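Take a look at the structure set out below.
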2 protein chains.
Amino acid sequence: MDWPQALRDRGLRATPQRVTILAELAGRDDHPTAEDLYRALRDRHPTLALSTVYSTLETLEAAGLAHRLSLGEGRDRYDANVRAHAHLVCLGCRRVVDVALAPVAPPPEAERLGYAYAFTSVVHHGLCPACRRAGPTRPD
Amino acid sequence: MDWPQALRDRGLRATPQRVTILAELAGRDDHPTAEDLYRALRDRHPTLALSTVYSTLETLEAAGLAHRLSLGEGRDRYDANVRAHAHLVCLGCRRVVDVALAPVAPPPEAERLGYAYAFTSVVHHGLCPACRRAGPTRPD
DNA sequence: CTGTGTGCAAATGTTTTGCATTCGC
DNA sequence: GCGAATGCAAAACATTTGCACACAG
């Protein structure tokens, strides 16, 4: 994938920081946080600032090149998978995997209340195999 | 509703703080944050501490008397409506309303990957009537 | 009485902001 | 060269924690 081009196509400047962050995010499927990305890129990019990671992620999200996930963990995760999909979160280890998104209808209230419906986000929860084994009794 | 009893039924001490917080939360449908509740109760309950609101909300959630909503606003909201329902969030003003929850199936990946499926949360997004009028062009 | 809950203050962790410097275009 | 992006440090927030005192059961 030509990340510099993808950036310019949306009218964004293709700075090395943006390209690196976008490539790193797109290259992993573990839904990293800003800090995760920062730590992963520090070696290759010693002058990279954490605040640049934050502002870049905000920019990427606004440009539709990344999605932000707020799962109630105190920090946000990011996802370069921009195709429609749902998430499956482990209640034990908090791992997040992308899963298929079944078609969702807007709620009847949307029309009744006069909302312009936009989209729906779906987050499934469960216990992953490893956590099932680790602690069979764990509601969390 | 007998809040002290509801608390004791779950094995919790019915302190005045808990009763007041639970009653306030149950009496509103705007999905307040911890700070919102704290500010609303301050007058009636001058010695109430914000940290008590936080710990009480955590306790109520663990007891199944409240739900926590993480909508990516930087702070969490709470909801005493414990019946299964979805949420509809306005992209403009961030207002949150409860809406009907259509039946959701666990994603096929849950079984395929060996997850013990638990539950799914559904958040719809749209523009409320007021925000549609205010700014017709506003992706957010 | 006893142990749990509260209040207060300080700490923590994430995200944001201000500003001078750098660099893509 | 110009204006947008970056890096760095400091600030702003939400939330958590430690601990002495208060109170529900």
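Every value quoted in this text rests on a predicted model; they were computed, and no experiment measured them. Note on naming: letters A, B, ... go to the chains in the order of the sequence lines (proteins, then strands), and numbering restarts at 1 for each one.
A heavy-atom distance below 4.5 Å is not found between the side chains of Thr120(B) and Pro106(B). Side chains of Tyr78(A) and His31(A) form no contact here, defined as non-hydrogen atoms less than 4.5 Å apart.
Backbone-only engagement by Thr47(A) is indicated by non-hydrogen atom pairs under 4.0 Å involving sugar-phosphate atoms exclusively.
Atoms CG (Asp36(A)) and P (dT15(C)) sit 10 Å apart, rounded to a whole Å. Rounded to an integer number of Å, the gap from Asp76(A) CG to dC13(D) C1' is 14 Å. Look at CD on Glu35(A): it is 13 Å from C1' on dT12(C), rounded to the nearest Å. When the C1' atom of dG13(C) is taken as reference, atom CG of Leu50(A) falls 11 Å away, rounded to whole Å. We find that OH of Tyr38(B) is positioned 16 Å from P of dC13(D), with the value rounded to whole Å. For the pair Leu71(B) CG and dA14(D) C1', the computed distance is 15 Å after rounding to whole Å. For the pair Arg39(A) CZ and dG13(C) P, the interatomic distance rounds to 11 Å; values are reported in whole Å. Atom CZ in Arg75(A) sits about 13 Å away from atom C1' in dT12(C), given to the nearest Å.
Under a hydrophobic clustering in which Ile, Leu, Val, Met, Phe, Trp and Tyr are joined whenever their side-chain heavy atoms come within less than 4.5 Å, directly or via other members, Ile21(A) and Tyr38(A) fall into the same cluster.
Within the 4.0 Å cut-off from OP1 or OP2 of dT16(C), not a single side-chain nitrogen or oxygen of Tyr54(A) is found. Dashed line: the shortest gap from a side-chain N or O of Thr52(B) to OP1 or OP2 of dG7(C) is under 4.0 Å.
Minimum atom distance to the side chain of Ser51(A) is reached by dG7(D), of the listed dT6(C), dT17(D), dG7(D).
Atom OG of Ser70(B) sits about 11.0 Å away from atom CZ of Arg77(B), to the nearest 0.5 Å.
Using a 4.0 Å cutoff on non-hydrogen atoms, the parts of residues 2-28 of chain A near DNA chain D are Arg13(A), Thr15(A), Gln17(A), Arg18(A), ordered by number.
Applying the 4.5 Å side-chain rule to ILVMFWY residues, one finds Val97(A), Val99(A), Leu113(B), Tyr115(B) in the same cluster as Leu88(A).
Side-chain atoms of Asp79(B) and His85(B) include a donor-acceptor pair closer than 3.5 Å. His87(B) and Asp98(B) share a side-chain donor-acceptor pair at under 3.5 Å.
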